[in-house]
Amino acid sequence: MAKVIDHNNFWYIEKNPISRAGIFPYLGREIGLPDLEADKIYNVLRSEKELMNPEAIKSFELLPIIKGHRMLGPAENGLTPAENIPQQGIVGEEVFAQGDTLYANIKITSEQAKDDINNGLKELSLGYFCEWVKESGEYKGQPFGHSA
């Protein structure tokens, strides 16, 4: 990943990983399905098949990059209004898949985000929507789902 600093002191980073297939821990309240325990951790599969779907790939284009995992949108829909969360940067218009990972060029605009990254922060959030499917199974030897 090459970082270029522009005349605004914004960081432009080429081919930055933005999402990958795998199993990820989520609290029940983050998933939002009615029969999940709010404070229990559930292992959620983000499958290669779904992540590499052209429609899914396109949906990552030009998303704001924020710190933390909050969904941006109208408060009346139970989301956080975008003006209430400082934007740390933006995902570029060309998102592409390679292996089990999605990549994009990104621009980091926030001084706080740059400081956090310099101090070891590895993950910023894109805050995207998905359809949760309740099923259990195993992915590359790791259990996922409701009973995992």
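Computed over heavy atoms, backbone and side chain alike; hydrogens, waters and symmetry mates excluded.
Nearest heavy atom pair, residue I66 against residue P86, reads CG2-O, 4.1 Å. Across S47 and A21, no two heavy atoms sit closer than the pair C-CB, 4.0 Å. In terms of heavy-atom proximity, I108 sits nearest to A113 at CG2-CB, 3.9 Å. The two residues A56 and L51 make their nearest non-hydrogen contact at CB-O, 3.9 Å. Between A75 and P81 the shortest heavy-atom distance is CB-CG, 4.0 Å. Scanning all heavy atoms of the two residues, the minimum distance from K67 to D116 falls at NZ-OD2, 2.6 Å.
Taking CD of Q87 as the start and CG of L63 as the end, the distance is 10.0 Å to the nearest 0.5 Å. With rounding to the nearest 0.5 Å, the separation of NZ in K107 from CD in Q88 is 15.5 Å. The distance from the CD atom of E48 to the CG atom of D100 is 5.0 Å, given to the nearest 0.5 Å. Atom CD1 of residue I65 and atom CD1 of residue I106 lie 4.5 Å apart, to the nearest 0.5 angstrom. To the nearest 0.5 Å, the span separating CH2 on W11 from CG on N16 amounts to 11.0 Å. In this structure, the separation between CG on L45 and NZ on K140 is 10.5 Å, given to the nearest 0.5 Å.
By the rule that hydrophobic residues join a cluster once side-chain heavy atoms approach within less than 4.5 Å of another member, V91 and F10 end up as members of separate clusters. Note on I23: it does not cluster hydrophobically with V133, by side-chain heavy-atom contacts below 4.5 Å among ILVMFWY residues. Tracing side-chain contacts under 4.5 Å through hydrophobic residues (I, L, V, M, F, W, Y), one never reaches I18 starting from V4; they form parts of separate clusters. Residues L62 and V95 fall into different hydrophobic clusters, defined by Ile, Leu, Val, Met, Phe, Trp and Tyr side chains chained together at heavy-atom separations under 4.5 Å.
Y139 contributes no side-chain N or O that, together with a main-chain N or O of V44, makes up a donor-acceptor pair within less than 3.5 Å. Between the side chain of K114 and the backbone N or O of N9, at least one donor-acceptor pair lies under 3.5 Å. A donor-acceptor contact shorter than 3.5 Å links the side chain of D6 to the backbone of N8. Side-chain atoms of E30 come within 3.5 Å of backbone atoms of L27 as a donor-acceptor pair (strictly under, hydrogens ignored). Between the side chain of E14 and the backbone N or O of Y12, no donor-acceptor pair lies under 3.5 Å. Checked by atom type and distance alone, the side chain of N105 pairs as donor or acceptor with a backbone atom of K15 at under 3.5 Å.
Heavy-atom contacts from other residues, nucleotides or ligands closer than 6.0 Å to CD of E76 number more than 12. Open room surrounds CD on E93; 12 or fewer heavy atoms of other groups in view lie less than 6.0 Å from it. Heavy atoms from other residues, nucleotides or ligands lying under 6.0 Å from CZ of R46 number more than 12.
L102 has its side chain within reach of M52: a pair of non-hydrogen atoms, C-beta onward, lies under 4.5 Å apart. Counting only heavy atoms from C-beta outward, the side chains of L126 and S19 never approach each other to under 4.5 Å.
With respect to the salt-bridge test (charged N to carboxylate O, under 4.0 angstrom), the residues K58 and E55 do not qualify.
Classification of the Y103-F96 ring pair by plane angle, with boundaries at 30° and 60°, yields parallel.
When ring centroids are compared, Y26 and W132 come within the 6.0 Å threshold.
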